[in-house]
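Report on the structure given below.
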Amino acid sequence: MTTGSSQQINRVFRFGPFELSEHEGELRKNGVRIKLQEQPFRVLLELVADAGHMVSREELQQKLWPTDTFGELDLGLNTAVRKLRQALGDDADEPRYIETLAKRGYRFIAPVASVAAAALTTSKDAPAMAAVAVLGNSAAAASPDAVDDSTLATARENPSKNIRWSRVLAAACALALLIYGAVVTWRLANRATPLATEQQITANPPQAPITAAVVSLDGKYVAYADTTGVYIRHIDTGEVRPLQLPKAFDAAPTGWFPDGTHLLLTSAGAAQGKPSLWKVSILGGSPQQLMENASEAAISPDGSKIAFLRGDAVGSLEIWVMGTDGSNLHRVADATAPGASIPLGYGTGSQPLTGVHLSGVAWSPDGRRLAYLRRVKEARSTLLDLETVDLDGGRPKVLRNSTQLLPVLCWAVDGRLFYAYRDSPASERGDSGIWWVRVNQKSGALENRPMQLTKGSGRIGGLSVSADGRRLVLWRANSSPQVFLAEIDGQTGRFKTPRRLSLDDSTNQVYAWTPDSRTVFFSSNRSGTTKLYRQAIDQAVPEVLVEGRGNFVARLNPDGTRILFVDGFNTLDPALPQRILSVPLEGGTPQAVLQWPSIHNMQCAQSPSKLCLFDSLQGSTAHFFTFDPEDGKTQEFATLQVKGGFSWMLSQDGSQLALNLEPLGHRVTFMAVSDKSTHEVEVNQWPLANIDWAPDGKSVLVSTQTANGTRPILGVEPNGNYRVLLEGDNTTQLWWAIESPDGRYAALTEVTGANNVWMVENF
């Protein structure tokens, strides 16, 4: 007696080196099974089955999660997708398989090479025949030499069997051709597109690094600024002429007006800390001020409007638009949450989120939308959202978010939005390339996955494109902080001309001296990750003190026998906490002292004091704690309201804190450790930055800058007296100075290196 039979379809999907079998419930890579839990497997099945299309989070929830766990959807789905990416070796920032569509869902973007719908027979009497079995026999069936004489004779005696055999051969051949075509298509789709070549346009030396550059709309000229002024360069002939500006007028070009004879400039406003916008003719004449408290401006394609950023010394918080004569001024976007509605005009009650700032503004070709980046700073990481918003307001569209995005944009006439992107999340260097996405100008949504255009050495500081979209101009910043050493005049206390100590063009930042004043400790990313190094002042090459990544803020412990340091934010694993660790001065295995979220700075007094402090920065609040460098025990010390980028240091005797609570402010706050009483010292019009105590405890060393762009080091005493200890020209950028314990030397962190303009054509 024959039993009934039933069939179900086994879907088998192939993409890249992977094969996904619905019936077997397995994912295999090159034939090797990849361990995958049920929920991630089912999510992958849904995405692959609808490859090329978005599958919403709601669809996945309805199909895969019970209704009684709806509240856990985000956690469960995020976990499943993360495990899928681990199994596929995929990257959320540069996806090859699963693309995240922010707050909406996911899309499987890799080509699916073949889809086999195989019938699975469930009858006991009928043998199972899967499509893969036919695929396995297709090569032999397609070869006449593989069919013997007895088989042909049997086929002649049984015409019906011959017909069935012919159909099998035909089906096998068709399937083989289908698979071959799919493989060829997949290879073509995944073939690496050759990157465009960047052509260097300027050759400025380290003494005159370029700080801004923008191409003219006709693509013939580039206007750029360096530390000596603003210049107009003819790209093809190389002819350069200076832009005539008033003396001490510190400005940088940010856009060309459509007439080709006027530039839009941003004046740095160093002394006041508030930049402003100006219009100037390249043919001569005085600049005309257009707007105060405005920066990073962009002119609309038709030349009728200007979009710009507005904020405070900490960062830009709003995007505004106005007519080129200053009329019809209104706000388009601000630093509220990306999903919130954006208020317009004056006086609306929206409060920007702490730690959120806007940067990089670009107009769509039709002048109806703006693209920009929203920077969200958490701990020591910075996540950027690439967004667009309609000129009339409304909710912005989030196109991409990543810690590798850089705050520069331009939008070409063909709809491609170009942006800068740091090359590798594993590297802590700043090397970056140009990427692009095509954006729908009406909806502001993506129309393709991100594509890379160029790569190169150094950080991209600006992007602009000609009106016809044939020339893309960028400038690369290869300048970086370096360690310099200056002798201190024993009579005057002034610093002599510094000499460079760190002979490497990577980022190098000095933090401390050994007690004998012969060796400095600094961090460097010269090997790709930021490690700690030690170098004697009479040596040319340092030695590694601590391996690892993200290491910074190296300080002596109270008795001067060990170095305490902080391991910073890890882009490869953001969940890792920050820690304070210690290591002997000669190096060795680090020992963990404590871990804490968002460690900003750390400092110990010197023996006989045993006081050590660190602060944890949470938005605009700095929580200070004392800690024991041996066992890590902590105790709350103080809580202060600050603005981002504030600086503080503890005197060597442990009696006072010196603080600059507001970047580019004009006051040093001195706090007595014993009773936390404070008094302030006003330093006239000097905008102050980083602070460090002199070893004798009688003054603090403060970096600052002048209205003409020079950056001196001041010695500021608690009684209000101050004097200039070191002042270079406007090509010198001094970040901070740390005196040696014997008072004979100062170790400086000074920025140097060559920044130049580059161009990409016919891309």
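In this structure, the side chain of Asn755 engages the main chain of Ile210 through a donor-acceptor pair within 3.5 Å. Ser502 places a side-chain N or O within 3.5 Å of a backbone atom of Val483 that can act as its donor or acceptor partner. Judged by distance alone, with hydrogens and angles left aside, the side-chain atoms of Asn690 form a donor-acceptor pair with the main-chain N or O of Trp735 at under 3.5 Å. In this structure, the side chain of Ser466 does not engage the main chain of Gly219 through any donor-acceptor pair within 3.5 Å. Formation of a donor-acceptor pair under 3.5 Å by the Ser300 side chain with backbone atoms of Gly367 is not found in this model. Looking only at distances, no side-chain donor or acceptor of Arg711 sits under 3.5 Å from a matching main-chain atom of Ile713. With hydrogens and angles ignored, the 3.5 Å screen pairs no side-chain donor or acceptor of Ser267 with any backbone N or O of Ala251.
Within a 6.0 Å radius of CZ in Arg500, more than 12 heavy atoms belonging to other residues, nucleotides or ligands are found. Other residues, nucleotides and ligands place no more than 12 heavy atoms under 6.0 Å from the CD atom of Glu292.
Residues passing the salt bridge (charged side-chain N to carboxylate O under 4.0 Å, His left out) test with Arg416, sequence neighbours excluded: Asp414. Applying the ring pair (Phe, Tyr, Trp, His ring centres under 6.0 Å) rule to Phe484 yields no partners; only residues at least two apart in sequence or on another chain are considered. In this view, Val465 and Cys410, Ala412, Leu472, Phe763 satisfy the side chain to side chain contact (heavy atoms under 4.5 Å, CB included) rule, not counting sequence neighbours. Not counting sequence neighbours, the partners of Asp390 by the salt bridge (charged side-chain N to carboxylate O under 4.0 Å, His left out) test are Arg369. Listed by chain and number, the residues in a salt bridge (charged side-chain N to carboxylate O under 4.0 Å, His left out) with Lys531 are Glu547 (sequence neighbours excluded). Listed by chain and residue number, Thr254, Pro275, Leu277, Ser295 satisfy the side chain to side chain contact (heavy atoms under 4.5 Å, CB included) test with Thr266 (two or more places apart in sequence, or in another chain). For Asp236, the salt bridge (charged side-chain N to carboxylate O under 4.0 Å, His left out) partners are Arg471, not counting sequence neighbours. Residues passing the side chain to side chain contact (heavy atoms under 4.5 Å, CB included) test with Val214, sequence neighbours excluded: Ala223, Pro253, Trp256, Ser464. By the side chain to side chain contact (heavy atoms under 4.5 Å, CB included) test, Ala196 is found to be paired with Leu453, Thr454, Val760, residues two or more places apart in sequence or in another chain being considered.
Side-chain atoms of Trp736 and Thr749 form a donor-acceptor pair, as typed in the model, at a separation below 3.5 Å. For the residue pair Gln482 and Ser480, a side-chain donor N or O sits within less than 3.5 Å of a side-chain acceptor on the partner. Residues Arg429 and Ser506 have side chains that bring a donor and an acceptor to within less than 3.5 angstrom of each other. Side-chain N/O atoms of Thr202 and Asn756 include a donor and acceptor closer than 3.5 Å.
Annotation: ring pair (Phe, Tyr, Trp, His ring centres under 6.0 Å) contacts involving residues 219-254, sequence neighbours excluded, comprise Tyr221-His234, Tyr224-Tyr231, Phe249-Trp278. For residues 251-268, no pair satisfies salt bridge (Lys or Arg N to Asp or Glu O under 4.0 Å), with sequence neighbours left out. Under the salt bridge (Lys or Arg N to Asp or Glu O under 4.0 Å) criterion, no residue pair touches residues 212-231, with sequence neighbours excluded.
Glu387 pairs with exactly one of Arg375, Lys397, Arg374 by the salt bridge (charged side-chain N to carboxylate O under 4.0 Å, His left out) rule, that one being Arg374.
In this structure the side chain of Gln452 never reaches within 4.5 angstrom of the side chain of Tyr421, judged on heavy atoms. Side-chain atoms of Arg241 and Ile282, non-hydrogen and from C-beta on, do get closer than 4.5 Å to each other.
A salt bridge between Arg310 and Glu318 is absent, with no side-chain N of the basic residue lying under 4.0 Å from a carboxylate O of the acidic one.
Between Phe522 and Tyr533, the two ring planes are parallel [angle under 30°; tilted spans 30° to 60°].
Closest approach of Ala754 and Asn478 over heavy atoms only: O-CB, 3.1 Å.
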